[in-house]
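Input: a single structure, listed below in structure tokens.
Atom set for the values below is all heavy atoms of this structure, side chains included, hydrogens, waters and symmetry mates excluded. Numbered from 1 within each chain, the chains take letters A, B, ... in sequence-line order.
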Number of protein chains: 2
Amino acid sequence: MSKAKFEEHLRKLGLRLTPERNAVLQEVASLQGHFEPEEVILRLRRKGVNVSRASVYRTLPLLVASGIIEEAIYKDRKTRYEKCAESEHHDHLICTSCGKIIEFVSQPIELLQEEVCRRNRFRPSSHTLEIRGLCDHCTA
Amino acid sequence: MSKAKFEEHLRKLGLRLTPERNAVLQEVASLQGHFEPEEVILRLRRKGVNVSRASVYRTLPLLVASGIIEEAIYKDRKTRYEKCAESEHHDHLICTSCGKIIEFVSQPIELLQEEVCRRNRFRPSSHTLEIRGLCDHCTA
DNA sequence: GTTCATGCAAAAGGTTTGCAGTCAT
DNA sequence: ATGACTGCAAACCTTTTGCATGAAC
């Protein structure tokens, strides 16, 4: 479970798993797909769990560093996260008309990416592939 | 040349090619690689060409819509542009340690992407592939 | 009693917008 | 005249930060 991962990461840095950090972790763990910081704040607030905006913004990077979530997509200029390995890894088709996001996985593309990295003596840690265009619906 | 493209797009919308818009176009055309709005403003200013920040910010989206430049990378939360088809199309390896950006082209990956789109009945207009990690230099 | 955390409110930083004055048609 | 355009400054919005208070070790 991700709590253990988080605790370990925190311990390594001499940091504590406070109620606030735990609340953010739990909330994030319960989410499906992408989410923005503001969403986490809102959902916690709606549940009556009080965690300040600042703490949420301070906690999310810790979760990234713990390998629990990762930055997924940059849209507008908001940071959007998603859980790591939620479904291994996937990329995105983004409809520029209706905003719909289709996830896809392509093993061949992944392999080719690795090859590109090798050729450039580059050690990859993450990647983002976004294809923008029009979805089925909006093509008409 | 891109001026014609821009003029046509503007005409279609009943807009004018003003000196300010032209100045932005010229500056952008003279740039290599990626650039940010602020960079355009600065360079114009240094040349003594006076175009307000607002006008630059208002012109860049017009250039995108004209197909002359495109949004390339989202880093921090700044918009970075690059000229369209400057070198066909390329993707990026981004070193998270030193910020170095390596461009690469992989025709096989492009082809696979097209296939993914077909499978999803998606009509792509642009895409971004960013691989983050450590470059040669920073691996040590 | 240090060190770490929190919340608040202010600051930051890129981008957008309202507005009054100008210019082209 | 009408509609488009500009510059300025203020507004916006997400994210970050300084600071005082408070909890943990």
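At a cut-off of 3.5 Å, with distance as the only test, a side-chain donor of B:E38 or B:Y57 sits close to an acceptor on the other residue. Side-chain contact check for B:R132 and A:T128: at least one donor-acceptor pair (N or O, by modelled atom type) lies under 3.5 Å. Between the side chains of A:E130 and B:H127, not a single donor N or O lies within less than 3.5 Å of an accepting N or O.
Qualifying side chain to side chain contact (heavy atoms under 4.5 Å, CB included) partners for A:P108, counting only residues two or more places apart in sequence or in other chains: A:S106, B:L112.
Residue pairs meeting the side-chain hydrogen bond (donor to acceptor under 3.5 Å, both in side chains) criterion with at least one partner in residues 5-14 of chain B, sequence neighbours excluded, do not occur; the list is empty. The stretch residues 104-116 of chain B participates, sequence neighbours left out, in these salt bridge (Lys or Arg N to Asp or Glu O under 4.0 Å) pairs: B:E115-B:R119.
Between the C1' atom of C:dT6 and the CD1 atom of A:I41 lies a distance of 14 Å, rounded to the nearest Å. With rounding to whole Å, A:N22 atom CG is found 15 Å from C:dA5 atom C1'. The distance from atom CZ of A:R11 to atom P of C:dC4 is 16 Å, rounded to the nearest whole Å.
Two residues, B:R45 and A:E36, neighbour DNA chain D, and the one matched to the more 5' nucleotide by heavy-atom proximity is B:R45.
Between atom CD1 of residue B:I41 and atom CG of residue B:L60 there is a gap of 8.0 Å, rounded to the nearest 0.5 Å. The CG atom of B:L15 sits 8.5 Å away from the CZ atom of B:F6 when rounded to the nearest 0.5 Å. Annotation: the span from B:I102 atom CD1 to B:C135 atom SG amounts to 6.0 Å, rounded to 0.5 Å.
Comment: A:K47 engages A:E27 in a salt bridge, judged by a side-chain N to carboxylate O separation of less than 4.0 angstrom.
Within residues 47-58 of chain B, the residues approached by DNA chain D to less than 4.0 Å at the level of any non-hydrogen atom are B:N50, B:V51, B:S52, B:A54, B:S55, B:R58, in residue-number order.
Along DNA chain D, read 5' to 3', the first and last nucleotides having any atom under 4.0 Å from a heavy atom of chain A are D:dT14 to D:dA24.
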Strictly under 3.5 Å: I want the nitrogen or oxygen pairs between protein and nucleotides 22-25 of chain C, one per line.
none

